[in-house]
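What follows is a set of notes on a single structure, which appears directly below.
It should be emphasised that the depicted structure is a prediction, and the values quoted were computed from it without experimental measurement. Note on naming: letters A, B, ... go to the chains in the order of the sequence lines (proteins, then strands), and numbering restarts at 1 for each one.
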2 protein chains.
Amino acid sequence: MYAIGALSRATDCKVETIRYYEKIGLMPEPARSDGNQRRYADRHRERLHFIRHGRELGFSISAIRELLDLCDRKHRDCAAVDAMARRHRDAVADRIRALTALRDELDRMIRRCAGGDVAHCGVIEVLGDHRLCRHDHG
Amino acid sequence: MYAIGALSRATDCKVETIRYYEKIGLMPEPARSDGNQRRYADRHRERLHFIRHGRELGFSISAIRELLDLCDRKHRDCAAVDAMARRHRDAVADRIRALTALRDELDRMIRRCAGGDVAHCGVIEVLGDHRLCRHDHG
DNA sequence: CGCGATACCTGTAATCATTACAGGTTCCAA
DNA sequence: TTGGAACCTGTAATGATTACAGGTATCGCG
């Protein structure tokens, strides 16, 4: 039986976050000590680990909730889980594309900056005039 | 003189967002009609355009505030502006690296999924067991 | 000039995922 | 038994919007 601090250390998840997950119903209410302190079992640690890992992988809380629901109903077809993972992967890929375009644009902006005064600063110019951008970001 | 809706359409920025920018002091208070409605001039459109473009490029509100301050004090050395752009570019590059690692991991997860039932779903397995990951994401 | 639809006004609360804080209680080791 | 760390609850803050409620202005059309 873990206290919340031990669970926190075991899962690298802040104490406040654990209590938050309980409040939003993502973590089940654990047992309590006589003095009303939370006492966790291994199943809590596993579930929290799953949640934290999902969060690290960028899944939203609601996506993780869905994944956990899918897990709880064991032996059902995993196509739904797979589809979620694919959707998420595609979203990440889109984000990478957008950020790459952005990085290139920032590079161009920086190259335009001749090192003079603000009146001739390429960075300011580009920010003020969308037409100086090479890509559509919107 | 634009009403707020016209400015909204001209800059592709929601009406609520324009009022929000005014509230936080990012946009100056515009003139008002007799009936107390906001009336904007071109300089507002330009400034809002600058702000929106900065946001699209991923600059935070406070970064944009700094940039605008630097701009307002014209003819001062643009090294500070340049440095901000560089810092931001580097942050974007870091984010791209992290997301690329993440995308690769999601790909591996998806490939592990044999298409069977949830009990054998690679996606669930990886989420539940950090050791199945190839990279450190934390 | 009057009417009605649309656009506008203010102020407040919600969103998302946490984190921080205040003020009080419990636990555990020395 | 005592002292300090860890715990408790409840509330508010973060960042950048967005949404809503309840009321007022504007504008084109007849």
Within less than 4.0 Å of OP1 or OP2 of [N], is there a side-chain N or O belonging to [X]?
| X | N | result |
| --- | --- | --- |
| A/Tyr21 | C/dT18 | yes |
| A/Arg38 | D/dA6 | no |
| A/Arg32 | D/dT9 | yes |

With sugar-phosphate taken as primed atoms, P, OP1 and OP2 and all else as base, the protein-contact string of nucleotides 19-30 of chain C at under 4.0 Å (heavy atoms; B, S, -) is BB-----SS---

Ring pair (Phe, Tyr, Trp, His ring centres under 6.0 Å) contacts touching residues 12-42 of chain B (sequence neighbours left out)
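Sorted pair list: B/Tyr40-B/His44.
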
Provide the full list of ring pair (Phe, Tyr, Trp, His ring centres under 6.0 Å) pairs with a residue in residues 93-114 of chain A, sequence neighbours left out, each pair given once.
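Of all non-adjacent pairs touching residues 93-114 of chain A, none passes ring pair (Phe, Tyr, Trp, His ring centres under 6.0 Å).
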
Using whole Å, report how far [atom1] of [X] lies from [atom2] of [N].
| X | N | atom1 | atom2 | answer |
| --- | --- | --- | --- | --- |
| A/Tyr40 | D/dA6 | OH | P | 16 Å |
| A/Tyr2 | D/dA6 | OH | P | 18 Å |
| B/Glu22 | D/dA16 | CD | C1' | 17 Å |
| B/Glu56 | D/dT17 | CD | C1' | 15 Å |
| A/Ile4 | D/dC8 | CD1 | P | 5 Å |
| A/Leu7 | D/dA6 | CG | P | 15 Å |
| B/Asp12 | D/dT17 | CG | P | 13 Å |

Sequence neighbours excluded, the answer for side-chain hydrogen bond (donor to acceptor under 3.5 Å, both in side chains) partners of B/Asp12 is none

Please name all residues satisfying side-chain hydrogen bond (donor to acceptor under 3.5 Å, both in side chains) with B/Glu22, sequence neighbours left out, ordered by chain then number.
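side-chain hydrogen bond (donor to acceptor under 3.5 Å, both in side chains) check on B/Glu22 returns B/Arg38.
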
Do B/Met1 and B/Leu7 sit in one hydrophobic cluster, given that two such residues count as connected whenever their side-chain heavy atoms are within less than 4.5 Å of each other, even indirectly?
no

About how many Å separate OG1 of A/Thr11 and CD1 of A/Ile51, when rounded to the nearest 0.5 Å?
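If I round to the nearest 0.5 Å, the distance is 9.5 Å.
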
Counting the atoms with a prime plus P, OP1 and OP2 as sugar-phosphate, which does B/Arg52 contact under 4.0 Å by heavy atoms, base, sugar-phosphate, or nothing?
sugar-phosphate

B/Asp94: what forms a side-chain contact (heavy atoms from CB on, under 4.5 Å) with it, not counting sequence neighbours?
B/Arg97

